[in-house]
Amino acid sequence: MSRKVLILVEGHRGSGPLYIQSIQNLGLQPITLSTDPAQYDYLKTENSQAVRVDTDSLAALTHECTGLRAFYDIAGITGFTALDELLYARVGKLCQHFDLPGPNPESIERCCDKFVQRQLLAKSGVPIPAYRLAVNAAEVQSAAAEIGLPVVLKPAVGSGSSGVRLCRDVVELAEHTTYLLGGKHIWRSSPRMLVEEFAQGPHYVVNIMGNEIVGITAAEFGPPPHFVFRQSICPAPLSDDEHERMGNVSLSCLRALDLDWGPMCIEFRWTKRGPVVIEVNPRLAGGQPKLIQLAYGVDLVAEHVKLVIGGDANLRKTHLHTVASRYLLPDRDGILDWIDGEASAAAVPGVAEVKLYVESKAPIVRKGDYRDCIAHVIAASPDLTRTEAILQQAVDLIDWSITSLPADV
């Protein structure tokens, strides 16, 4: 009998190891298809096979999976997104081709194009920021003038906050437009930008599986003008009314975008006019599965894997704790001389996880997106005040030194 395998397209430094463990727990063998498998350190230590393939090409992925099917019983296919969210649409097409459970690729594609997403949400009456599409500097300036500064300027397709910036005046607007159009930002298609009203207020992430809201997290960003997550708290401290309103808007988003399978997350700002949708993502939110599991006892990764192989997800909550995470961000570019305190932080009672993403002597080049994080700490307890105290105690034990590189002469 052929060995049952589950195909993972690309990987993820946070949730990748969780998927491999969940797959192995079900008695399946994980096989990762990647353009560069060496970029995922966990593949070197986990008992997991990796195959080099051009994951930008649906034809190459289909050919590779067809070849693997001659030796293995493919129980399911899923994948990850980094800067290219459309990779998940290719995963959906692979699932359709091999008659396996998976997301609707057309829905994923509509969702990943943030302009199309905005149009569909607006048509359904979902509260969103004012927005305009722009393809050149003149259109960016015109759109910002119509909406009014400050605005958020970002690529119409992308993820991880890559290329997203708050522009508070005309100088910042011109600088970021030049950055996006001047060759520094990597475009996978013709440049298209969204100019959006800056919706101000607390930020929240709604975690969804299928049509069920599993939990809502409160999130904070690092210093502007970028949108790099700094801290999260789950469950978010919301009133019953606020929770219900955000939940109702979330379900309206799913209907508007025809999303009804697998994990999703919706980002909100709670503004003067209530919950405003910033973005709908047809995937797990980065860093959220661990928080949800610690807070509620629901393993989103394991339940997603069950769906991938044709089973049913069990989203029943078994307990309620308050969980907080802190993402450690460098304040300068340069060379990391040293980073330590990981063991001491992990030993603090109530700390659930400490993870470093960099090692000594690594170059630090901030990009203004999720890749800037050099470490994270997660703490949990039955009480919010206690959880925050545990988290701060652990974070204070981690320190590092960065030597700035000399300025170009």
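Start at 1 with the first residue, then count along the sequence.
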> What heavy-atom pair brings Leu180 and Gly163 nearest, and what distance separates the two atoms?
CD2-O, 3.8 Å

> Could you measure the distance from the CG atom of Leu26 to the CD1 atom of Ile309? Nearest 0.5 Å is fine.
5.0 Å

> Is there a side chain to side chain contact (heavy atoms under 4.5 Å, CB included) between Leu257 and Gln117? Walk through the geometry before answering.
CA-CA 7 Å; Leu257 298 169; Gln117 179 188 129; 4.0 Å; yes

> Taking all heavy atoms of Pro103 and all of Trp261, pick out the closest pair and write down the distance.
N-CE3, 3.5 Å

> Atom CZ of residue position Arg386 - does it have more than 12 heavy atoms of other residues, nucleotides or ligands inside 6.0 Å?
no

> Taking the side chain as every heavy atom from C-beta outward, state whether Phe268 and Ile278 have any atom pair closer than 4.5 Å.
no

> Keeping Arg283 on the side-chain end and Met264 on the backbone end, is there a donor-acceptor pair under 3.5 Å?
no

> Going by salt bridge (Lys or Arg N to Asp or Glu O under 4.0 Å), Arg366 matches just one of Asp331, Asp372, Asp333. Which one?
Asp333

> So is Arg269 actually on top of Tyr204's ring, under 6.0 Å and inside 45° of the axis?
no

> Start with the C-alpha distance between Val298 and Arg316, add both sets of side-chain angles, then the distance that settles side chain to side chain contact (heavy atoms under 4.5 Å, CB included), and finish with yes or no.
CA-CA 7 Å; Val298 177; Arg316 184 176 63 86; over 6 Å; no

> Mind checking the OH-OG1 spacing from Tyr42 to Thr32? Nearest 0.5 Å is all I need.
5.5 Å

> With a 4.5 Å cut-off on side-chain heavy atoms, are Tyr327 and Ile374 touching?
no

> Do Arg110 and Asp258 meet the salt-bridge criterion of a basic N to acidic O distance under 4.0 Å?
yes

> For Gln293, which residues count as a side-chain hydrogen bond (donor to acceptor under 3.5 Å, both in side chains) partner, sequence neighbours excluded?
none

> Kindly check if the number of other-residue, nucleotide or ligand heavy atoms within 6.0 Å of CG (Asp240) is above 12?
no

> As an exercise, state the distance from CD of Glu197 to CD1 of Ile147, rounded to the nearest 0.5 Å.
7.5 Å

> Is there a side-chain contact between Leu6 and Leu8, using heavy atoms and a 4.5 Å cut-off?
yes

> Under the side chain to side chain contact (heavy atoms under 4.5 Å, CB included) rule, what do Val377 and Ile398 come out as? Steps first, then yes or no, please.
CA-CA 10 Å; Val377 180; Ile398 299 176; 3.6 Å; yes

> Are any of the side-chain nitrogens in Glu342 or Lys355 under 4.0 Å away from the carboxylate oxygens of its partner?
no

> Closer than 3.5 angstrom, by distance alone: can the side chain of Gln141 be matched with the main-chain N or O of Ala138 as a donor-acceptor pair?
no

> Rounded at 0.5 Å granularity, tell me how far CZ in Phe80 sits from OH in Tyr40.
8.5 Å

> For Arg255 and Ser252, test the side chains for any donor-to-acceptor distance below 3.5 angstrom and give the result as yes or no.
yes

> Judged by atom type as modelled, is there a donor-acceptor pair below 3.5 Å linking the side chain of Gln29 to the main-chain atoms of Gln24?
no

> For Leu294 versus Ala352, what's the shortest heavy-atom pair and its separation?
CD1-CB, 3.5 Å

> Could you check whether any side-chain heavy atom of Leu149 comes within less than 4.5 Å of a side-chain heavy atom of Arg168, counting everything from C-beta outward?
no

> Please walk me through it: do Glu267 and Asn281 pass side chain to side chain contact (heavy atoms under 4.5 Å, CB included)?
CA-CA 8 Å; Glu267 297 183 39; Asn281 300 299; 3.4 Å; yes

> Does the distance from a Lys or Arg side-chain N to an Asp or Glu carboxylate O, for Arg371 and Asp369, drop under 4.0 Å?
yes

> Please list every donor-acceptor pair under 3.5 Å in which a side-chain atom of residues 223-235 meets a protein atom from a residue at least two apart or in another chain.
| residue | atom | partner | partner atom | Å |
| --- | --- | --- | --- | --- |
| Gln231 | OE1 | Arg326 | NE | 2.5 |
| Gln231 | OE1 | Arg326 | NH2 | 2.9 |

> Are Asp113 and Arg192 ion-paired here, with the side-chain N under 4.0 Å from a carboxylate O?
yes

> Answer with yes or no after comparing the ring centroid distance for Tyr19 and His12 against a 6.0 Å cut-off, counting only values under it.
no

> Give the minimum heavy-atom separation between Ser48 and Pro30, together with the two atoms involved.
OG-O, 3.5 Å

> May I ask you to decide if Asp383's main-chain N or O and Ser381's side chain share a donor-acceptor pair within less than 3.5 Å?
yes

> When you check the side-chain N and O atoms of Tyr72 and Gln49, is any donor under 3.5 Å from an acceptor?
yes

> Can any side-chain N or O of Lys317 pair as donor or acceptor with the backbone N or O of Val214 at less than 3.5 Å?
yes

> Under 4.0 Å between a Lys/Arg side-chain N and an Asp/Glu carboxylate O for Glu196 and Arg132?
no

> Which heavy-atom pair separates Thr55 from Val9 by the least distance, and what is that distance?
CG2-CG1, 3.9 Å

> How long is the straight-line distance from CG of Leu58 back to CG of Leu87, given to the nearest 0.5 Å?
10.5 Å

> Take atom CG of Asn314 as the centre, draw a 6.0 Å sphere, and report whether it contains more than 12 heavy atoms from other residues, nucleotides or ligands.
yes

> Using the test side-chain hydrogen bond (donor to acceptor under 3.5 Å, both in side chains), find all partners of Asp340 that sit at least two apart in sequence or belong to another chain.
none

> Applying salt bridge (charged side-chain N to carboxylate O under 4.0 Å, His left out) to Asp56 and Arg90, what does each step give before you reach the verdict?
CA-CA 8 Å; Asp56 287 337; Arg90 291 193 285 278; 3.5 Å; yes

> Taking only residues two or more places apart in sequence, or in another chain, which ones meet Lys114 in a side chain to side chain contact (heavy atoms under 4.5 Å, CB included)?
Glu85, Lys154, Leu194, Glu279

> Taking only residues two or more places apart in sequence, or in another chain, which ones meet Gln200 in a side-chain hydrogen bond (donor to acceptor under 3.5 Å, both in side chains)?
none

> Is a side-chain donor-acceptor pair under 3.5 Å present for Glu220 with His203?
no

> Within the distance-only criterion (no hydrogens, no angle test), does the side chain of Ser15 pair as donor or acceptor with the backbone N or O of Leu18 below 3.5 angstrom?
no

> Assess the residue pair Lys306 and Glu303 against the criterion (salt bridge (charged side-chain N to carboxylate O under 4.0 Å, His left out)); give the C-alpha distance rounded to whole Å, side-chain angles, the decisive distance to 0.1 Å, and a yes or no.
CA-CA 5 Å; Lys306 290 180 186 177; Glu303 301 311 320; 3.2 Å; yes

> Quick one: are Ile208 and Cys265 in side-chain contact, heavy atoms under 4.5 Å?
no

> So which heavy atom on Ile108 is nearest to which on Pro282, and how close?
CD1-CB, 3.3 Å

> Please examine the side chains of Pro17 and Gln21, heavy atoms only from C-beta on, and report whether any two atoms are closer than 4.5 Å.
no

> Find out whether Val152 and Arg165 are in side-chain contact, i.e. whether some heavy atom of one side chain is under 4.5 Å from a heavy atom of the other.
no

> If the condition is side chain to side chain contact (heavy atoms under 4.5 Å, CB included), which residues does His321 pass it with, not counting sequence neighbours?
His319, Pro382

> Decide yes or no for Val277 and Cys253: does some side-chain heavy atom of the first lie under 4.5 Å from some side-chain heavy atom of the second?
yes

> Salt bridge check: are Lys93 and Glu106 linked by an N-O gap of less than 4.0 Å?
no

